[in-house]
Structures are given as structure tokens and as C-alpha cells.
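Notes follow the structure.
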There are 2 protein chains.
Amino acid sequence: MPRREVATVGEVTPTPTIKTVAEAAGVSPASVSRALNGNPTIAPEIVERVMRAADAVGYRPNGIARSLRTRTTKVIALLIPDIGNPFFTAVARGVTDAAEAEGYTVLLCNTDEDPEKERRHLAVAEQARVAGVVLSPQGRDTDISRLRQSRIPVVVIDRPLREKTDAIVVPSFVGARDATRHLIEQGWSRPACITGPASADTARARLRGYRAAIREHDGMPEIVAHADFRQDGAMLAARELLARADPPDAFFVANAPMALGTLAALAERGLRVGSDVGFVSFDDAPWAPYMTPPISVVAQPAHPLGERSARLLLESLRAPVERRPRRITLSPTLIVRAISHRPRRG
Amino acid sequence: MPRREVATVGEVTPTPTIKTVAEAAGVSPASVSRALNGNPTIAPEIVERVMRAADAVGYRPNGIARSLRTRTTKVIALLIPDIGNPFFTAVARGVTDAAEAEGYTVLLCNTDEDPEKERRHLAVAEQARVAGVVLSPQGRDTDISRLRQSRIPVVVIDRPLREKTDAIVVPSFVGARDATRHLIEQGWSRPACITGPASADTARARLRGYRAAIREHDGMPEIVAHADFRQDGAMLAARELLARADPPDAFFVANAPMALGTLAALAERGLRVGSDVGFVSFDDAPWAPYMTPPISVVAQPAHPLGERSARLLLESLRAPVERRPRRITLSPTLIVRAISHRPRRG
DNA sequence: TTGTACGCGTTATCAG
DNA sequence: CTGATAACGCGTACAA
């Protein structure tokens with residue numbers, strides 16, 4: 001039985017390649033490649049013919065093959081603890097915006113403050129030969145030597161690495177100290193600090209900032225709880241603090257999800273924020289201004305941070321030689337809203 | 001001048017390939033490949049030697065080359081309107097969780113309800129030869145025929161497509177109707193609806209649900225505004241509604257960012273939610289329970305939706321033949337919190 | 001200006 | 001069980 005000449009129903013049509021187009025246009029694959037890539041050394045008439053043919057056969061360039069050949073990728077990896085944290089959501093949005101503006105796409109990886117997950121994601125990024133990595137590292141000693149070896153540029157954000165790298169950071173210490181000072185100025189006498197896991201640099205820095213402010217006042221107690229940077233963990237921590245013999249009368253909370261958890265614990269006890277207790281948190285979540293009363297925060301420029309980190313990364317891609325690491329510092333802003341003011345009482 | 005035999009400082013070390021490992025281990029590239037991929041038809045002793053050599057030379061498999069050869073990728077694309085919308089943040093988290101559990105990574109794309117951006121992202125996904133796409137389409141007529149041609153499976157979420165595809169949806173109509181009914185039951189007599197752009201299916205469905213509830217009551221006016229599913233747009237819309245001669249006395253808002261915008265507009269006017277006006281919104285944002293008073297919402301199971309969509313996608317990857325499209329429906333839940341209750345007055 | 005031929009790093013096939 | 005060898009689809013020196 002002779003081979004059928006026509007495609008049978010259900011038979012797979014091979015996806016068109018540059019070769020398919022070449023045949024359809026009656027030119028060589030090389031010319032197709034040139035036409036498609038806007039190579040100047042090619043007759044406009046051929047370009048036209050190739051375009052038409054490509055369209056006709058429904059050709060799509062194979063990015064994989066191109067990447068293999070050119071040894072480049074239009075992908076950058078973004079490693080953050082948790083996309084659910086509004087700070088990192090905004091960062092991610094900034095990164096994708098800047099990346100897309102340059103024709104790159106973003107591989108999203110949640111590390112969950114887990115060194116093992118982080119390691120795995122870094123390995124994946126390396127094997128995928130991503131053009132670069134924007135990394136919010138789990139700790140100061142995250143190992144990025146493999147990336148270096150593979151000459152994949154890295155921009156570290158939010159938390160610095162012990163190693164010297166491109167980095168964009170927001171000084172947490174200052175923000176935390178100012179926030180705590182603000183609480184004290186408002187008349188609260190027992191501010192507590194709910195911070196993140198000690199492994200996280202930002203958690204430690206925010207704690208140090210809190211401590212610095214407390215120590216400016218003789219006899220003022222340090223009331224500290226470490227949670228996991230997440231809502232539920234902070235709720236438990238806040239509960240525990242509130243159950244103590246002499247509970248805090250104000251809270252400085254180290255990020256937005258934990259702020260919600262703390263607010264939940266306060267609500268359980270029937271404590272009204274702003275009148276019964278003072279409150280400031282890190283990160284200006286979208287909802288912060290709309291709480292009643294609006295809550296005061298230390299705002300980080302999250303979206304710009306994401307944008308700039310992506311741009312810095314793409315710059316370093318274009319850099320012909322190894323530059324020395326750039327460290328950029330963006331400032332946090334204390335935004336005072338109604339909540340942290342202590343009402344005068346009789 | 002003879003070629004230097006040793007590497008000069010600053011000279012680039014070529015990244016080790018399977019061939020490098022082969023030489024170091026004294027075997028053929030084929031054996032290295034077999035050893036690395038756990039191919040059973042290879043002597044354990046060779047495996048050992050290869051592993052050692054790979055480690056010694058610092059070998060990392062080149063995913064690009066592998067993908068070219070195997071014609072597969074461990075990447076899925078996620079196209080959503082906006083990662084900043086907490087609903088999609090949760091979806092994204094669900095998708096990444098499920099994907100990573102199977103060794104896949106996620107390409108994140110924001111479409112911003114923009115058909116052109118969506119088209120571009122779909123093209124990128126196709127060229128990247130992603131294993132599959134999870135898509136929250138901009139409209140009912142988003143063209144995914146190219147994906148089909150390339151045999152890239154698609155799971156549509158949140159909003160159905162006119163075309164028959166795998167889909168996971170949450171019936172917006174029912175949720176919206178129930179929410180509006182609830183407002184009316186609570187005694188509000190002029191509930192307004194602030195919904196999204198008419199291009200979005202969910203926006204229209206939520207509006208229809210609102211209308212259905214309103215029409216159950218003779219003489220009750222339909223008060224409708226279309227915004228852009230974003231905070232600022234909703235604020236403007238709400239302002240406009242409130243400035244009317246006979247303003248609404250309650251709001252059904254079609255998503256979480258717009259809920260914040262609406263709350264802002266209410267705050268401007270000094271209107272207290274829960275006592276002066278009624279309020280229900282779509283999507284149970286993390287902050288919803290912690291507003292004072294806590295606001296009622298129509299909750300969508302966002303994280304599970306993301307998880308299941310990714311799993312459905314990966315299943316269809318494994319399916320040997322074309323299955324007929326599966327349509328999964330997850331139910332929304334009206335969560336009644338303090339805010340929507342109308343206080344009795346004198 | 002165009003075409004031919006090679007190689008990017010893998011894996012799969014096919015002999016041995 | 002192992003090793004040559006041929007693709008995968010593309011870009012680009014090199015030759016014509």
C-alpha cells in the first residue's frame with residue numbers, strides 16, 4: 001500500500017520552521033533568517049516574499065533554537081520570598097514592567113524564606129540560562145557563585161548579601177527607628193516590636209532600629225517577638241504579647257501581612273487601634289490608608305525598586321566588561337496617619 | 001608569538017558541557033547523558049564516575065539544548081490582568097505552588113486588560129515553546145488558535161472564552177446577585193454597582209447579577225458605573241455617583257482594588273461604611289476582615305483556582321490524546337461581616 | 001546579495 | 001551496556 005499523499009484527518013502537521021518558510025518563498029533558510037531579523041544585507045523584495053510566506057505557513061520563530069544558537073535568553077528570573085506579600089507584589093509588578101519594556105519576560109519564583117527552595121530556584125534559573133536574576137535573598141550568605149561562574153548577572157534587592165553584588169536596598173534600620181520614635185513621641189510608653197525571622201536581614205535591621213529608639217528612653221522596656229513575616233504567625237505572636245502580665249501599649253510591626261495578623265489579635269481583645277493602642281507597620285500596603293483609622297506606615301518605594309532593579313540588571317547585561325558592583329539606596333518614608341496619634345485623655 | 005597554553009587572567013572559561021564531563025570521566029557524551037538522566041541501561045560504576053566528573057568540572061545541564069532536543073519545556077505561562085489585584089496574586093501563588101510541585105516554573109505576564117498586550121504575551125509564550133498557558137483572558141474572543149496550532153494546551157480561568165477550552169470559572173452572576181440581595185435584605189434601598197470594563201466577562205456577569213437582584217424589587221433604581229477594575233478608577237466612579245442628586249445608599253463593588261477606591265470616596269464624604277452606607281465587594285482580600293467594620297465579600301477560592309488550573313494543565317500535558325474540554329466550576333461564597341448590616345435607627 | 005555548511009548542547013537511534 | 005552519529009531549529013562565517 002502506497003503512502004498517502006495527503007494529510008489524514010488527525011495527522012499531526014509539523015510546526016513550520018525556517019526551512020518551511022524558505023521552501024514556500026523559494027529562497028534559502030539563511031535568507032529567511034536574515035529577512036526575519038531585519039538584516040540589512042538583503043533585498044527588500046526578498047524580505048517581502050519571506051514575510052508573505054512566513055505568514056502563509058503560520059511560522060513562529062522557535063525561541064529555544066534561537067537561544068541555543070545565540071547563547072542568550074530574553075528571560076529574567078525573579079526570586080522573592082512570597083508574591084502574596086504586597087511589598088513583593090509591587091516589586092514584581094515593577095520588575096515585570098521594566099522587563100517587558102525591553103522585551104524580556106519574568107520567571108516568578110517564591111522562596112518562602114526557605115534556603116533549600118531558594119537553592120533549587122537558583123539552579124533552575126541557571127539551567128534555564130536566564131539572562132539575569134533579581135534576587136531577594138533568604139539570608140546574607142545565599143550562594144550565588146554558580147551564577148557568577150555562568151556569568152549570569154544578579155541584582156540583589158531588599159536585603160544585602162555579604163558578598164559584593166549589584167544591590168538596591170532600603171535602609172530598614174532608619175525606617176524602623178523613626179517609626180518607633182514616632183510611637184514614643186505620641187505618648188505610647190510600651191511599644192513592642194513584632195519582627196520577622198532572625199535569618200532575614202531586614203527582620204534584624206528593623207529590630208535594631210526599634211531597639212535604638214527604645215534605648216533613647218531610660219527604663220523603657222524592649223518587648224520583642226520574632227514571627228515568620230506572615231499573617232498567622234504574627235497573630236500568634238501578638239496574642240502572646242497581649243497575654244503577658246504587662247502587655248505593650250503600641251506595636252511596631254515589620255511588614256504588611258504581619259500588620260494584619262497583629263490587627264486581628266488586637267480586634268480579638270477588643271482593643272481599638274489608635275485609641276487603645278498605637279500602631280505603625282513597615283510597608284505601605286494598598287489598604288493601609290483605608291483602615292479606620294488609617295494606619296501609619298514606613299513606606300518603601302516597592303514598585304520603583306522593582307523597576308530599577310530590572311533596569312540595573314539589563315544595563316549590566318549590556319555592559320561589555322565586568323563593572324564594579326553598584327549599590328543603590330532608596331529611602332523609606334514614614335507616613336503618619338491618624339492611627340498612631342495618641343488621643344489626649346482626661 | 002605562540003598561543004599561551006594556560007588561561008590568562010580574565011580569560012573566559014567556557015561553561016562545561018556534557019562533552020567536558022565526558023572527557024573528564026573518560027566516557028562518551030552519550031553515556032554522560034544517560035548517567036545524568038537516570039537511564040537504567042548504564043553501569044552503576046559509570047554513573048558514579050560521571051557524577052564525580054560532573055561535580056569536578058562544575059557542570060550544569062543546559063536546559064535550552066535539552067528543550068530543543070526533546071521539544072519540551074518545564075515552563076508554563078501565566079497571563080493575568082494584574083498581579084497587583086489580590087485575587088490574581090492569590091491565583092498566581094496557587095499556580096506557582098502547583099507548578100513547582102511538578103518541577104515546572106512560571107512565566108508571569110500582566111495583560112492589564114489590554115488586548116494588544118495579551119496578544120503580545122501569547123506570542124512570546126508560543127515562541128518560548130512553553131509547555132502550557134494559564135490564561136485569564138481579556139475578552140471572550142481572545143484568539144488562542146495559534147496556541148492550538150502549536151499544540152500548546154491552555155486552561156482559561158476566571159473568565160470563559162467563547163471558544164471551547166479547558167476552563168475553571170467561578171460563577172460571577174450568582175455571587176453578584178446574592179451580594180446585592182443581601183444588601184437589599186439589610187434594608188438598603190438604593191444599592192449601586194461599580195463594575196469593571198464592559199470588555200471583561202466577569203464585569204458584565206457581576207453587573208447582570210446586580211441587575212437581577214435589583215429587578216426583584218419594584219421601583220428600585222439601577223445605579224451603575226463602569227470603572228477599570230482599578231482603585232483610582234473606582235474612586236472617580238464612586239465620587240461621581242455620590243455627587244448625584246439622589247446618591248446610592250449602598251455599594252456592590254466588583255473587585256477588591258475597586259473596593260478600596262470606593263471606600264476612599266466614601267471617606268472623603270465622611271460617610272461611615274456600615275452605618276451610613278452598605279457595602280459588599282467581590283473577592284476576599286486579606287485585609288477585608290480587618291477593616292473596621294469588617295467588610296462583607298463574595299469570596300472566590302483564588303488559591304485553589306490557581307492550583308487546580310495548573311494541575312489541569314499539567315494533566316492535559318500528559319494526556320496522550322486530545323481530550324474534550326473540561327469545564328470546572330468553583331463556587332463563590334458570600335461572607336457576611338459586620339459592615340453590610342444596616343443598624344436599626346430611631 | 002544569496003546560498004552552503006557548520007555548530008550551539010542535548011538526547012535518541014542504531015550498531016557493536 | 002557503550003559509543004558514534006544524527007537530528008532539534010536557528011544564526012552566521014564563508015564562499016559564490
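Predicted model, so just to flag it, every value in this text is computed and none were measured. So you know, we letter chains A, B, ... as the sequences are listed, proteins then strands, and number each from 1.
- The side chain of Ala43(A) sits closest to dT2(C) out of dT2(C), dG11(D), dG9(D).
- dC10(D) atom C1' lies 13 Å from atom CD of Gln127(B), rounded to whole Å.
- Atom CZ of Arg34(A) is separated from atom C1' of dC14(D) by 11 Å (rounded to the nearest Å).
- Under the 4.0 Å criterion applied to side-chain N and carboxylate O atoms, Glu23(A) and Lys19(A) are not assigned as salt-bridge partners.
- Thr41(A) comes within 4.0 angstrom of a nucleotide base, judged by non-hydrogen atoms across all strands.
- With rounding to whole Å, Ile64(A) atom CD1 is found 11 Å from dC8(D) atom C1'.
- Put simply, Ser31(A) has a side-chain N or O that comes within less than 4.0 Å of OP1 or OP2 on dG3(C).
- A distance of 6.5 Å separates CD in Glu100(B) from NZ in Lys117(A), rounded to the nearest 0.5 Å.
- What separates CD1 of Ile18(B) from P of dA12(C) is a distance of 11 Å, to the nearest Å.
- Among the heavy atoms of the strands lying under 4.0 Å from Ile46(B) are primed sugar atoms or P, OP1, OP2 only; no base atom is included.
- In this entry the distance linking CG of Asn62(B) with P of dC8(C) reads 12 Å, nearest Å.
- Within 4.0 Å of Ser33(A), counting heavy atoms only, lies at least one base atom of the nucleic acid.
- With dG3(D), dG9(D), dT2(C) as the choices, the nucleotide that has an atom nearest any side-chain atom of Ala30(B) turns out to be dG3(D).
- As judged by a 4.0 angstrom heavy-atom cut-off over every strand, Pro61(B) is placed among residues touching the sugar-phosphate backbone only.
- The residues Arg119(A) and Glu116(A) are annotated as salt-bridged, a charged nitrogen and a carboxylate oxygen being separated by less than 4.0 angstrom.
- A heavy-atom distance below 4.5 Å is found between the side chains of Ile18(B) and Tyr59(B).
- Here Arg60(B) lies in heavy-atom contact (under 4.0 Å) with sugar-phosphate atoms only.
- Spacing between atom CG of Asn39(A) and atom C1' of dG3(C) amounts to 14 Å, rounded to whole angstrom units.
- Residue Arg69(B) places a side-chain atom within donor-acceptor reach of the base of dT11(C), judged by atom type and a 3.5 Å distance cut-off alone.
- For dG9(D), the OP1/OP2 oxygens have no side-chain nitrogen or oxygen of Arg129(B) closer than 4.0 Å.
- Using a 4.5 Å heavy-atom cutoff, the side chains of Glu126(A) and Leu147(A) are in contact.
- Going from atom NZ of Lys19(A) over to atom P of dC8(D) covers 7 Å, rounded to whole Å.
- Atom C1' of nucleotide dC8(C) and atom CZ of Arg66(A) are separated by 15 Å, given to the nearest angstrom.
- Residue contacts shown for Leu68(B) include a base, since a base heavy atom lies under 4.0 Å away.
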